[in-house]
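Here the structure is a predicted model, which is why all the values come from computation and not from measurement.
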Amino acid sequence: MTGFELQEELHALQDIESYEIPNDHDFSTEDPEMLLEAAVEVVAESSGSITDAEIFDVYRSILKHAGTVPGPIMSKLLDSVSSGLQAELEATLRDIDTGNQQAYMEHKTPLEMYAFLLSWFVTAAESVKTPEEGDAPPPAKGRGRGRGGRAAAAKAGGRAGAKKGEATWTWQDQMAPTLLLIGKVLQKLQSQRIWTASAEKDTFIKCLTRPAYYVTESEQYMKVADIRMAMYKVVCLSVKHHGQALAVQITIIQSLQFYEHLAEPMADCLAILSNEFDYAQLADEVLREIAGKTFTGQDRGPRTFARFLTKYTESCPRSVFKQLSLLLDQLDSEAYPMRQAIVEMVGTLIIDIANEETPPDAKKQQKQINGLFSCLFERVLDVSPYIRAKVFAVLARIIDVKKFRFPKQRLLITSSAVAALDDKSATVRKAAAALLGHLILTHPYYHTHGGSLQRELFAENYKEVTDKLAKIESAMGKAVNNEDNEHAAAETEAEEEEEEEEEEEDAEDGDSRKKKQKKWAFASKKSQDDDDSMDVDEEGGDTEEDEPEMSVDEGEDGEAEGTSPKKAKKKKGSKLKPRKSQIDVMAVAEEQKVLATYDDQEITKQRLQKKYLSEALTFIDEIESAMEPMGRLLGSTSKPEVLEIMEFFRIAHEYHFESAKEGIKKMLHLIWTKDNSSSTSEEGKELKGIRQRLLECYRSLYFAPVADLEPKAQVNRIAKNLVEQTYDATLAELTSLEEMMRIMMEENHVHGDVIAKLWQIYSKEKHLPKPQRRGAIIILGMLALSKRGILTDKVDVLLKVGLGPLGKADPTLARYTCIALQRLNGSAKKVKGSLIDKTQRIDMDSPIFRKLQNAILHPSRTKDWFSMAEQAINAVYALAEHPDAFCDEVIKKLTVRAFNSPRKDPGEQGAAGKAPEASQEGTQEGTQDEHVGDVTMDAGDVTMQDATQATQEDGERDLGEAFELAQLLFVVGHVAIKHIVFLELVEREWKRQKDEKHAGEFMLLKQATAGKGASKEGEELDQVAGNAEDEIGENIAGVRELELLYGPESLLAMYGPMIVHICGSPHKFKNRVLRAAATLSFSKLLCVSSQFCDQHHRLLFKIFETTKDANIRSNIVIALGDVAVSFNSIIDENSNELYRGLSDKNFVVKKNTLMVLTHLILNGMIKVKGQLGEMAKCIEDPEPRISDLAKLFFKELSTKENAIYNNLPDVISHLSAGDHAVDEEMFKNTLRHIFTYIEKEKQAENVVEKLCQRFRLSEDPRQWRDIAFCLSLLPFKSERSVKKLIEGLQFYRDKLHEPVVFERFTEILTKARTNKSKDKPDTELNEFEQILEEHRAQGQEDQALEKRVEGKKAAAKKKAAKRCEFTPLNDALYTY
C-alpha cells in the first residue's frame, strides 16, 4: 500500500462515519470471520503483508463496523495485530543491528499501520455486539503470534465459550498484555533512527501510546493493578526514551481537570518516573504548573489536584520540597481543598525530614522543621473549618514519629488544640480532642513514674530538683566576693551572651548528643497492685507510701534542649583574677566540698532534669485545662465528636489525670442516649453507638482484668472500682449508674465472684468506712434490677445489716437497704393499657415488715431519717399485701410518741440535755474522718449535727417534740401519696379479675349458644363488663376523693386540719424542720382530694410567696407540678403564681420551676397565657444550666404545631415594654434564639404583617428599635414577605428617622436582594429603598423642626418668666 500518511489517517478517523476505506466490505453479505481468517493467515506468514491494501482494508472494515461484529472476531483481530506488531518489531531490530538504513526504513510504514490499527481498536472494542447463543470462539490460528496475544486470545475464547453470550464482550483481560507489548516496542525501538523528523516521530509515538491514555479514562479499568502498572510503563518509556515529556505533562494536567479518579494514578506514574526511571524533571514541571494555577471555590478540579499533590508528596517528598516555595502560594487559594492539600504536604515533609537516617546538617534540619511547623500553626486560624481540622489531623500524624520528639513544638501543639475546643465547628473540636488524646499517648515524659502523668508526682520531683540545684548554686556563689561591681556586671553580661549561644548550639545539635547520653532513670513508685484490692478486714484509710527515690543518669529527650556545663566554668574563670576579687577562704573550702560531691557533668544533668520536669508540668497543666470544655462538649449533638471526647477521657483516666474523673462521671449520663446503632463517618470509619461505646469504656476502665494479677486480686479490684463509683455521687449520677449496671448485668458482664465480694463488703462485722458499705448495697440493688436472684437468697443479710444495729446507726445505709428490698417485687414495668400485674407481694407476717417498722420507729435526730423513712414506706407499698395495715400501726405509734413524751424533772432534764451534746460532739468528730468505722447504736439517740430552732425557752423538750412531730407529719404525707398509687393498683387488680370472669362467662356462653344469637348476647356481655369497669373506677375515685381525707374512719382525716393549722401559723411553729415537713406533707395531701385541694391550695401559694426557706420553696414548686397533674384546672387558674419561681434568686428554686413548667406545658397540662416571656428570659440566664434548660424547652416546644408562632407577639411585648421588660442587648439575644424556630414561610409572612402593624400602636423609640430588630431576624426568602413589608410602609414611615430602625431596614433589603431569584429585576427593591431614604430624610427634617419649635417655646417661656420676676422683688422691699 502506497501513500499511507499516519497523521492524515488519524485526522480522518475523528469522524468515523465519513472515514473512507477503498476496499470496504459489507458484512451483511460477507462473512467477517472468513475475511479475517484469510487476512490473519497472510499476516502470520509475513508481518510486512499489512501494507497490502486488501489485507489492511479487511482490518479497517472490521474495526469500522465493530458494532455488528461478534466479540470472538474482535479478539482474534487483536491477537493478529499484536502478533504482527511484535513480529515487525523483531524484524526492525534485526535490520537496525545490521546497520542497513534502507532495510530498516522499510519498516516505517508497517509499524505505523500496526500502531494505527491498535489505536483504532481501543475505541472500536467498546462497541462490539454481544455474542449470540451458540457462538463459539474460533480456534487460534497463524504462526508467529506474540505470546501475550496468544494467551489473551485463549483466555478470551475460553471465557466466551463458557458464558455463551451471557455478558457483553470486553477486552479488559487483554488490556494488560496489549499495553505490555506497546511498552516493549517503546523500550526496544529506536524511533529517532526511523523517524528523522520530530513531527512524524511524535505522531507515531502518540498513536502508539493512545491505548494507554484511553484506558485511563475508565475508572473500572484503573482499579486493575496489572492494567495500571502496564499503563505506567508505557507513559514512563515514552517520556524517557522518546521525548514525550511536554505531551505527557499536558495530558496529566488535562486528566486531573476532567477525571477525578486519576489523581492517585497520575501521582504514582510520576513517582515511578522519578524513582525507577530517574526522570524527575517532568514532575517538577507539573508541580510548577499546578503552583501557578488559580482555583476558585466553585471548581470541581481542586479536589483532584489536591489529592494528586498529597499522593505524590507521600511518594516523593524530596522532589516536592524543592518546589514548596512555589506551592505555598496556594495557601492563599480560594479553593479550600488546595489549602488542605498544602497542609497535608507540609505534614508529610516534616515526617520525612524527621525520619532522615543521617541528616548531613542537624542545624539545617531543625531550621527546616521549625519553618514548616510555623506554616502549620498559621493554618490553625484558617477561615475554613476543614482546614483547621486537617491541621490537627496532620499534627497527630507528626507526633507519631518516634525518632524525633519535637520537644519545642509539642507544647505549642497542645495549647493550640486546647484553644480549638472552643471552635464553632464540631469537626474542628473533634480533631482537636483526637489530637490531645494522641499527645497523651505519645508523650515523651515516660521516663518517670512508669508513664503516668499524675501532677503531684511530677511537682514533687520538680521541687526536689529545684531545691537541690539551688543549694548547689548558692554554695558555689559564696566562694567569691567581687569588689569591682562594674567589671563583674560586664563579665556576667558577656558570659550570659556566651551561654545563650551555647544553648542555641546545644538545642540544634541535640540529636547528635542523644546517642552519647543515657536515659533518665527514676525509681518507680511502689507497685499499685495493692491499691486495686479492697481490704474489708481493716479500717479504711490511705496508707502512706515511701517517697520515690531518684537516681539521675544522663537524659535523653530533655537533653536535646539542654545546655553544657557553663556555670562551673564561670566560677573557675573568675578565680583566675584574684586582683579583682577578695577570696573568702571559708567559702572556697565549702565550694570545694560541694564540687567534690557534684562534678560539672552532674550539675548540668540537674539543670536538664529541671527543664525536663518543668516542660512535663506545663504539658500536664495544658491537658488539665482542657478537661472542663471537654466535659461541656459531651452534650454535643455531633456523634463523632462525643465519641472522640469519650475516648479522650478514657485515655486521660488511664494516665491518672486528676480532672479526668469528673469527665468519666459526666460520661455516665450518655447511657440514656437513644442512638445505639453503628454508622459510618465521613472518613469511612465505623462509628459505634454512643451508648455502646460508653459501655465499652467503662468495661475497659473498671471491669477489664489487669495483667499479672491473681484472680482474687482481680475480683477485689473490680469490686473496689464499682463501690468507688458511688462515693459523693449525685442523684443524677446514681440514676445513670443504675441504668448502666442493669445493662451490664443483663449482658452478663458482672462475674458472680464480684457479686459475692460485694456481699462480703456489705455484711462484714468489722468496722469499715461508711461510704464503702453503702456503696456495696447500692451496687447490689442496681444489679438486682435485671436479676432479682441476687437479693432473694440474701434477704436475711439485708435485714441483719441494713435494718439492724448498723442500719440504725447509719440511716443512709438503711435507706439504700430499703431501696434494695424494693427490687424483691420483680421491678416489672407496667405495660400501658395492660391489666397484668407481675409484681410479687409478701405476707404481712414476714420479718421484713417488722424490721422496716423498727427502722422507722427507732428514735433518731438526724435529717437522714426522713429519706430512710421515705424508702422504707416505699418498700412496704412495693412488697406488702396490705400496706395500709402496716402504715396504720406506724402512724399510731408515731402519734403516741409525739404527743405523749414523758416529762422529766429539771435535774433529769438537765442531765438528758448534756448527753446529746456529748453525743453530738462525738458524731461530728467521727464524720470529719472519712474512714472511721461503723458506729453501732446500742441505746440513745443520735442528735442532729446542726441544731434546729426551738419554739420556746424550754429548748431540749420542745426540740424533741417538734422533731418527733415533724417525723409524724412526714410519714402521714408520704403514706397519703403512696396510698393513691396503691389504690390504682387495686383498681387494676379488680378490673383484671372482672376481665377474667367476663372471659370465662363469654366462653361458656359461646359453647352454650353455639352460633344462634351468640354475637348479640356477646355484645350485651361486653357492655355489661364495660359498665362494671366504669363502676370500679368510680368507686376507687370516690374512696380517694371522700374517704381518705374526709371519711369518718380514716386515720389520715385526723391529720389534715392539723397540718393545715401548722402550715398556716408560721408565727407559732417556727421550727424549720417541722415547717418543712408540714409543708411537704400538706403538698402531698393536696394531690389526694380535689375538694381538699380546692379549699386549701391558696395557702400553698401564700407559703411559696412568703417563706424565706429556699428548700420549702423548692419543694412547693415540685408539689405544684404534682397537683397540676392531679387537678390541672385548679393550678391552671393560678398559673401566674407558679411563674414567680422563675424570678427566684435561689438557683435550685429557679431550676425546679423551669423544669416543672417545661413538663406541664409540653404535656398540655396547663395553658400558656402570655407568660412564655418569663420562660424566654431564662435563655439568657447567667447560670448555664438554666440557660440550657430554657433552650431545650423552646426546642421541644417548636415541635408542637405553631406553638411558638402563636405566642411570639406576647413574648415580644413581654420583653420589650412594661414591668417585665429587659434591656435591649438581652432582648436581642433572646429573640435571636426564638426566631430560629420560625421556619415556615407562611408563618414568616404573617409575622411581618403583625410586626408592621405593631409600629402604629407604639410611641416609644425603644419599641421601634425592638420591632425593627425582630423584622430583621426573618429570612425574607419569598417575594410575599417583601410585599407584606412594603404594604406596611404606612405604619413605620414616620419611625425611619431613628438611626437604628433605618439600619435594620437596610439589613432587610440586603437579605431580600440575596434571596431574590436571579432572573427577577431589582426594580421593586430599588424603589422601596428610595422611598425609605425619602421618608428618613423627611422624618429627620420633621424632627429638626420640632426641636426648633420646642426651643422657641422654651425661650418664650423663659422671657415671660423674667418679665414676672420684678413683682416678688418689689414685694420683698416691704417690711411687715
Side-chain angles (χ1 to χ4, degrees), residues 4 6 9-17 19 21 24-25 27 32-33 35-37 39-40 43-44 47 50 55-89 110-131 137-138 140 142 145-146 148-153 155-157 160 168-186 203-218 221 227 230-231 234:
F4 178 82
L6 181 60
E9 294 293 327
L10 291 172
H11 182 72
L13 195 60
Q14 292 179 1
D15 186 6
I16 196 168
E17 294 296 331
Y19 183 78
I21 301 174
D24 199 357
H25 296 274
F27 293 137
E33 187 174 1
L35 291 171
L36 180 62
E37 187 72 26
V40 167
V43 173
S47 60
I50 195 69
I55 300 298
F56 187 58
D57 287 348
V58 170
Y59 285 100
R60 289 198 290 180
S61 297
I62 294 175
L63 291 173
K64 183 176 181 180
H65 304 289
T68 62
V69 175
I73 294 179
M74 293 295 290
S75 178
K76 190 172 184 178
L77 184 147
L78 176 62
D79 191 16
S80 175
V81 172
S82 300
S83 301
L85 177 60
Q86 184 167 348
E88 190 67 23
L89 173 65
L111 287 171
E112 288 181 346
M113 287 182 170
Y114 281 119
F116 174 75
L117 291 175
L118 206 55
S119 174
W120 191 353
F121 180 86
V122 297
T123 56
E126 300 298 331
S127 59
V128 176
K129 74 170 186 176
T130 304
R145 293 177 181 171
R150 185 184 302 273
K155 187 181 294 183
T168 304
W169 178 84
T170 175
W171 72 298
Q172 180 173 336
D173 293 335
Q174 296 168 316
M175 288 179 184
T178 302
L179 293 175
L180 289 174
L181 175 61
I182 295 173
K184 183 178 180 181
V185 174
L186 293 171
T203 301
F204 170 74
I205 297 299
K206 288 178 181 177
C207 180
L208 186 64
T209 56
R210 185 167 179 260
Y213 296 123
Y214 183 82
V215 164
T216 61
E217 296 176 6
S218 171
Y221 294 158
I227 297 175
M231 185 274 294
V234 170

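- Pairing each heavy atom of Ala39 with each of Val58, the nearest pair is CB-CG1, 4.1 Å.
- Considering CE of Met113 and CD of Glu88, their distance stands at 10.5 Å, rounded to 0.5 Å.
- Taking CD1 from Ile182 and CZ from Arg210, the interatomic distance works out to 11.5 Å, rounded to the nearest 0.5 Å.
- Interatomic distance, OG of Ser218 versus CD1 of Ile227, reported as 8.5 Å (0.5 Å rounding).
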Show your working on side-chain contact (heavy atoms from CB on, under 4.5 Å) between Ile205 and Leu186 and close with a plain yes or no.
CA-CA 8 Å; Ile205 297 299; Leu186 293 171; 3.8 Å; yes
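- Between Leu63 and Met74 there is a side-chain heavy-atom pair separated by less than 4.5 Å.
- When all heavy atoms are compared, the tightest approach of Ala115 to Leu208 is CB-CD1, 4.1 Å.
- Residue Tyr221 holds its OH atom at 6.0 Å from CD of Gln172, rounded to the nearest 0.5 Å.
- Contact detail for Val81 and Tyr114: the closest heavy-atom pair is O-CD2, 3.7 Å.
- Between Val43 and Ile55, the closest heavy-atom pair is CG2-CG2, 3.8 Å.
- Side-chain N or O atoms of Thr209 include none that pairs as donor or acceptor with a backbone N or O of Ala212 at under 3.5 Å.
- Inter-residue side-chain proximity for Leu78 and Leu118 is flagged as met; some heavy-atom pair is nearer than 4.5 Å.
- A donor-acceptor pair is defined here as one N or O able to donate and one able to accept, closer than 3.5 Å; such a pair exists between the side chain of Ser61 and the backbone of Asp57.
- Formation of a donor-acceptor pair under 3.5 Å by the Thr123 side chain with backbone atoms of Trp120 is found in this model.
- Contact of the Lys184 side chain with the Gln86 side chain is registered, since non-hydrogen atoms from C-beta on lie closer than 4.5 Å.
- A 4.5 Å side-chain heavy-atom check between Glu112 and Cys207 finds every atom pair outside the cut-off.
- Distance check, rounded to the nearest 0.5 Å: NE2 of His25 to CG of Leu36 gives 11.0 Å.
- For Ser119 (side chain) and Phe116 (main-chain N/O), no donor-acceptor pair under 3.5 Å exists by modelled atom type.
- Across all non-hydrogen atoms, the minimal contact from Gly183 to Val234 is N-CG2, 3.9 Å.
- You'll find the side chain of Leu77 stays beyond 4.5 Å of the side chain of Val40, heavy atoms only.
- A donor atom on one side chain and an acceptor atom on the other are found under 3.5 Å apart for Tyr19 and Glu9.
- Taken from CG in Leu117 to CD1 in Ile50, the straight-line distance is 5.5 Å, to the nearest 0.5 Å.
- Residues Ser80 and Tyr59 have side chains that bring a donor and an acceptor to within less than 3.5 angstrom of each other.
- Taking all atoms of both residues into account, the shortest heavy-atom contact from Pro32 to Ile73 is CG-CD1, 3.9 Å.
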